[in-house]
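Note that the structure is predicted; figures quoted are calculated from it, not measured. We name chains A, B, ... by the order of the sequence lines, and we start the count at 1 in each one.
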Number of protein chains: 2
Amino acid sequence: MRPGGRTARNTEAVLEATLTELGTRGYAGLTVERIATRSGVHKSTIYRRWGGVDGLLSTALARSGTGSWRPPQTGALHTDLLALLHRVTENFTSEREGPVATAAIAAAFESARAASALHDFFVDQHGRSAVVVEAAIARGEVPAGTDGREVVRSAVAPIYYRLFVSREPVTDADVELAARVATEASIAGLFCPVD
Amino acid sequence: MRPGGRTARNTEAVLEATLTELGTRGYAGLTVERIATRSGVHKSTIYRRWGGVDGLLSTALARSGTGSWRPPQTGALHTDLLALLHRVTENFTSEREGPVATAAIAAAFESARAASALHDFFVDQHGRSAVVVEAAIARGEVPAGTDGREVVRSAVAPIYYRLFVSREPVTDADVELAARVATEASIAGLFCPVD
DNA sequence: CCGCTACTGCAACTATAGTCGCATTATGGC
DNA sequence: GCCATAATGCGACTATAGTTGCAGTAGCGG
């Protein structure tokens with residue numbers, strides 16, 4: 001192993017090129033050869049180090065999850081979830097991170113490695129996002145013992161469902177409804193394992 | 001156009017081979033050449049008539065949605081939704097229809113045609129499934145004006161989210177929770193457009 | 001500064017997806 | 001039954017994904 005110097009520079013160049021390619025051509029047009037040309041790193045080097053597009057997406061996704069992002073806190077669960085859902089929606093239409101997550105979801109259908117990376121990514125996301133539920137518990141807004149991860153899943157699921165399963169547009173009303181359902185269900189204590 | 005005779009036989013053979021291939025090799029291993037070999041229809045013919053795997057999946061998906069399936073009626077919204085969700089879960093692990101829908105979801109990331117077919121498929125599914133909500137309205141279980149399609153989306157979304165987005169296993173407890181949240185939200189009137 | 005070797009570049013190679021022109025077959029109207 | 005032609009079969013072709021052997025470069029310990 002020799003992680004420094006040129007190897008590190010190549011890693012940066014290749015992952016950078018991967019993000020740019022995803023932003024312009026999308027997942028369908030993602031090609032190792034094109035990434036090689038854009039990054040200046042030879043095709044065979046990329047295949048040797050990452051194995052293919054699934055490996056590139058997996059590492060790119062893992063990197064994007066290493067940040068120290070925290071969900072915004074507004075003082076009420078409903079508005080917290082609303083802000084979270086708006087961020088998710090925008091995240092998938094944004095320039096840089098969006099195409100990576102979308103491509104990773106697509107790649108997970110073809111590659112076990114990408115599926116594993118995707119799983120880890122969302123486990124991390126759930127944990128970070130669940131903070132807003134902890135705050136709601138602390139405020140006495142929802143019952144103690146409420147499963148924050150489950151609340152987050154329930155809130156975001158309809159958004160992803162519309163985007164990638166039923167392929168329906170996501171409107172502000174849809175976001176509002178998803179946040180409200182998750183909020184009211186939390187208040188009602190539906191997300192308490194020992195109810 | 002000359003839809004009868006050999007053309008019809010070829011259509012059956014090719015779509016049948018597509019389903020079999022999906023069941024054995026899955027979407028990642030789906031190839032026009034392999035379908036051509038299995039069906040006995042020449043490769044170029046398949047490309048000319050369906051354009052590629054996305055066209056095959058689109059028509060196969062459209063065909064699977066033409067049945068006269070109706071959701072089971074148990075007499076209460078919660079158990080109706082529970083039965084519906086169990087069917088959805090099993091549907092994606094069953095032998096024949098499951099791989100088609102899974103493959104169509106995957107193909108929708110790469111093909112606008114597959115995305116359109118997928119959209120139509122789920123619009124139809126929502127409409128059929130919403131019958132259980134209509135029955136609940138008739139029983140006075142949920143408020144009149146409740147949007148049945150929205151209830152169905154809310155109920156099934158967490159299942160699809162776990163299966164294809166966060167890549168988490170789907171347990172009976174998850175199904176139960178999803179059905180309960182959708183039921184309680186319906187009773188609370190959250191799915192009434194004019195609340 | 002020097003040498004070992006991990007890493008990379010290069011080019012040729014195989015395998016397969018998809019296209020195209022042309023000959024052949026079989027359908028549906030008469 | 002017969003014909004016009006839609007549909008298909010066939011094979012050769014191009015393009016591209018991915019692999020491999022070999023030579024050259026550069027990181028890192030001495």
Side-chain angles (χ1 to χ4, degrees), chain A residues 1-22 24-60 103-104 106-114, chain B residues 1-18 20-22 24-60 63 103-104 106-114:
Chain A
M1 186 95 80
R2 195 178 279 179
R6 184 165 61 166
T7 300
R9 286 196 301 275
N10 281 350
T11 301
E12 294 306 318
V14 168
L15 294 182
E16 172 69 24
T18 302
L19 295 184
T20 310
E21 281 295 320
L22 275 177
T24 56
R25 299 262 177 169
Y27 173 67
L30 193 65
T31 295
V32 173
E33 291 223 20
R34 193 175 292 274
I35 294 173
T37 304
R38 179 181 289 273
S39 65
V41 178
H42 201 269
K43 179 176 66 163
S44 56
T45 300
I46 298 178
Y47 276 113
R48 278 191 278 248
R49 286 187 52 192
W50 287 280
V53 285
D54 62 330
L56 285 170
L57 285 175
S58 300
T59 54
F109 285 90
E110 301 169 6
S111 156
R113 183 176 178 182
Chain B
M1 185 94 79
R2 195 178 280 179
R6 183 165 63 168
T7 299
R9 286 196 303 275
N10 282 348
T11 301
E12 295 305 319
V14 168
L15 293 183
E16 173 69 24
T18 302
T20 309
E21 281 295 319
L22 274 177
T24 56
R25 300 263 176 169
Y27 172 66
L30 194 65
T31 295
V32 174
E33 292 223 22
R34 192 175 294 272
I35 294 172
T37 304
R38 179 180 289 274
S39 65
V41 178
H42 200 269
K43 180 176 65 165
S44 57
T45 300
I46 298 179
Y47 275 113
R48 277 192 278 249
R49 286 189 48 193
W50 288 280
V53 285
D54 62 328
L56 286 170
L57 286 174
S58 300
T59 53
R63 282 205 166 194
F109 285 90
E110 303 168 6
S111 156
R113 183 176 177 183

Is a side-chain N or O of A/Ser111 found less than 3.5 angstrom from the main chain of A/Ala108, in a donor-acceptor match? no
Expressed as a whole number of angstroms, how long is the span from [X]:[atom1] to [N]:[atom2]?
X       : N      : atom1 : atom2 : result
B/Trp50 : C/dT19 : CH2   : C1'   : 18 Å
A/Arg34 : D/dG18 : CZ    : P     : 14 Å
A/Lys43 : D/dT20 : NZ    : P     : 13 Å
A/Glu33 : C/dA17 : CD    : C1'   : 14 Å
B/Leu30 : C/dG18 : CG    : P     : 10 Å
B/Glu12 : D/dT8  : CD    : P     : 13 Å
B/Ile35 : C/dG18 : CD1   : P     : 11 Å
A/His42 : C/dA11 : NE2   : P     : 7 Å

Minimum-distance nucleotide to B/Val41 side chain [options: D/dA17, D/dG9, C/dA11]: D/dG9
Which part of the nucleic acid, if any, lies within reach of [X] when heavy atoms closer than 4.0 Å are counted: base, sugar-phosphate only, or nothing?
X       : result
B/Arg9  : sugar-phosphate
B/Gly51 : nothing
B/Arg49 : sugar-phosphate
A/Ser44 : base

For B/Trp50 versus B/Arg113, what's the shortest heavy-atom pair and its separation? O-NH1, 3.2 Å
Determine: side-chain N/O of [X] to OP1/OP2 of [N], distance under 4.0 Å, yes or no.
X       : N      : result
B/Tyr47 : C/dG18 : yes
A/Thr45 : C/dG9  : yes
B/Thr7  : D/dT8  : yes
B/Asn10 : D/dT8  : yes

Test applied, side-chain hydrogen bond (donor to acceptor under 3.5 Å, both in side chains); reference residue, A/Arg49; option that passes from A/Thr59, A/Thr7, A/Asn10, A/Thr11: A/Thr11
Does any part of the side chain of A/Thr18, heavy atoms only, come nearer than 4.5 Å to the side chain of A/Val53, both counted from C-beta? no
Is the closest side-chain heavy-atom distance between B/Val41 and B/Ile35 below 4.5 Å? no
Could you go through A/Arg9 and A/Arg6, starting from their C-alpha distance and side-chain angles, then the distance that decides it, and tell me whether this counts as side chain to side chain contact (heavy atoms under 4.5 Å, CB included)? CA-CA 5 Å; A/Arg9 286 196 301 275; A/Arg6 184 165 61 166; 3.6 Å; yes
Has the side chain of B/Arg48 got a donor or acceptor that lies under 3.5 Å from a partner of the other kind on the base of D/dG9? yes
Measure distances between side-chain N and O atoms of B/Arg6 and base N and O atoms of D/dG9, and say whether any donor-acceptor pair falls under 3.5 Å. no
DNA chain C: A/Thr11 or B/Gly52, which has the more 5' nearest nucleotide? A/Thr11
For A/Gly5 and for A/Val53, find the nucleotide of DNA chain D with the closest heavy atom, then tell me which residue's nucleotide is more 5'. A/Val53
